[in-house]
Amino acid sequence: MKRFFIEHSEAVDINHCLFSGQSFSWQKHGNDGRYVSAIINGSAVVIENTNDGGVVLHTDGNTIGVESPQVWFRRYFSLDVDTETLFSEPFRNAHPELALQLERYRGLRVLRQDPYETMVTFMCAQGIGMALIRRQVSMLARRYGEHVPLSLNGCTINLYRFPTPSRLGAADPMELRACTNNNLMRARNIISASQKVTEGCIDFKALASKKNTQEDIQAALSRCGGIGLKIADCIALFGLGRFDAFPIDTHVRQFLGLWFGFPEASAPLTDKNYRILAERARELLGEKLAGYRGHHLFHCWRTEVRKMQAF
DNA sequence: GACCAGGACCAAA
DNA sequence: TTTGGTCATGGT
């Protein structure tokens with residue numbers, strides 16, 4: 001493993017990032033949890049938290065994907081977004097108590113993750129708890145992903161690459177269902193969507209283009225079975241780097257009602273109501289970074305109000 | 001034992 | 001257009 005010291009002037013709360021950014025593949029190591037590991041863009045990556053204005057990045061090569069580790073870190077943790085001034089002064093004045101709570105999460109980053117991995121992961125996230133979601137993703141990688149043993153400080157860590165689209169596309173649904181909470185429909189949906197990626201019917205690079213509106217992306221992705229508005233928006237936000245996407249789940253709906261008094265938030269989340277709420281949220285938070293800001297609100301809500309289990 | 005957990009989808013009203 | 005049931009299982 002090679003070591004790269006990554007200095008960053010902006011605050012980065014790695015642990016919150018990795019949980020909140022849906023990075024189910026990360027693993028924590030050591031009693032103090034100082035080391036976290038994963039395979040990103042085909043490279044083994046270990047982040048060592050130094051808590052002194054930097055992190056040490058351990059990788060198995062000089063690049064991650066096609067980028068240098070420094071460039072990768074900046075892009076993956078979206079350090080190009082200034083989270084110090086994420087919420088405008090008018091917003092902070094209008095919601096002073098909330099603004100104070102949000103201060104604690106300034107180091108939270110929305111990650112730019114692999115779109116295919118993001119897609120499959122969120123397809124596993126329907127109507128069940130976090131523990132089950134993480135287990136499904138972990139089982140998929142173990143059963144269908146390539147094994148990568150990693151040596152760190154004399155200990156061996158067993159990592160698994162996330163399966164390729166062609167591997168999952170060729171899987172037997174009856175076998176795959178063991179990894180999808182025994183849900184046969186979900187297994188079939190993942191296989192079908194993976195085939196679409198392999199065949200090029202779903203082209204993430206083209207989808208991410210700024211030329212596409214949120215509606216375009218939602219329409220293209222929800223042609224896949226098992227992907228509705230919410231999952232499509234999650235793929236856009238976390239996998240396509242579209243920080244204007246604003247996914248609304250049960251938690252988002254709750255805080256839109258409680259914190260901002262949106263009357264529509266008390267109604268069920270039908271497609272029509274979803275679109276109304278998303279539009280109102282974009283008006284409140286600004287178009288360009290609505291999803292990024294929404295994720296800070298989400299994480300604050302989950303941590304302060306609805307206690308979520310730790311990373 | 002009930003209820004909820006980071007939904008999608010179909011049929012019926 | 002909205003409502004209700006279904007898929008599934010583990011934690012509280």
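Only heavy atoms go into these numbers, but all of them, side chains included; no hydrogens, no water, no symmetry mates. Naming: A, B, ... by sequence-line order, numbering from 1 per chain.
- Cation-pi check for A/R280 over A/F262 is met; the charged atom lies under 6.0 angstrom from the ring centroid and within 45 degrees of its normal.
- Within residues 241-259 of chain A, the residues that place at least one heavy atom under 4.0 Å from DNA chain B are, in residue-number order, A/D249, A/T250, A/H251.
- Counting heavy atoms of neighbouring residues, nucleotides and ligands inside a 6.0 Å radius, atom CD of A/E89 does not exceed 12 of them.
- Between A/M119 atom CE and B/dG7 atom P the separation is 18 Å, expressed in whole Å.
- The two atoms that bring A/P173 and A/A187 nearest to each other are O-CB, 3.8 Å, heavy atoms only.
- Partners of A/H95 by ring-ring contact (aromatic ring centres under 6.0 Å, His included), not counting sequence neighbours, listed by chain and number: A/F91, A/F260.
- Taking the ring-ring contact (aromatic ring centres under 6.0 Å, His included) definition, one finds that A/Y160 meets it with A/H147, sequence neighbours left out.
- Contacts of A/C124 with the nucleic acid, taken as non-hydrogen atoms under 4.0 Å apart, are absent.
- DNA chain C forms stems at B:2-5 with C:9-12, B:7-13 with C:1-7, each a run of 3 or more consecutive Watson-Crick or G-U wobble pairs whose two key distances fall under 3.5 Å.
- Contacts with DNA chain B (heavy atom under 4.0 Å) in residues 178-189 of chain A: none are found.
- The CD1 atom of A/I133 sits 16 Å away from the P atom of C/dA8 (whole-angstrom rounding).
- Comparing A/G129 and A/I231 by the nucleotide of DNA chain B whose heavy atom lies nearest to each, the residue mapping closer to the 5' end is A/G129.
- Screening residues 235-260 of chain A for salt bridge (Lys or Arg N to Asp or Glu O under 4.0 Å), with sequence neighbours left out, gives A/R242-A/D244.
- Set against B/dG7, C/dA8, C/dG10, the side chain of A/R135 has C/dG10 as its closest nucleotide.
- Side-chain atoms of A/K272 lie closest to C/dT1 of the nucleotides C/dT1, C/dT9, C/dA8.
- The main-chain N or O of A/Y105 is found under 3.5 Å from a side-chain atom of A/H296 such that the two form a donor-acceptor pair.
- With distances taken from any side-chain atom of A/T270 to the nucleotides C/dA8, C/dT3, B/dA8, the minimum falls on C/dT3.
- C/dA8 and B/dG1 are spaced 23 Å apart, taking the P atom of each and rounding to whole Å.
- Judged by distance alone, the side chains of A/Q214 and A/R282 never bring a donor and an acceptor atom under 3.5 Å apart.
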Practice task
Mind running side chain to side chain contact (heavy atoms under 4.5 Å, CB included) on A/N212 and A/S209 for me, showing each step along the way?
Solution key: CA-CA 6 Å; A/N212 291 320; A/S209 163; 4.2 Å; yes
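- Salt-bridge check for A/R112 with A/D80: passed, with a basic side-chain N closer than 4.0 Å to an acidic carboxylate O.
- One P atom belongs to C/dT2, the other to B/dA5, and the distance between them is 22 Å to the nearest Å.
- In this structure, the side chain of A/N181 does not engage the main chain of A/N183 through any donor-acceptor pair within 3.5 Å.
- If you check C/dT1, C/dT3, C/dG10 against the side chain of A/P268, the one that comes closest is C/dT3.
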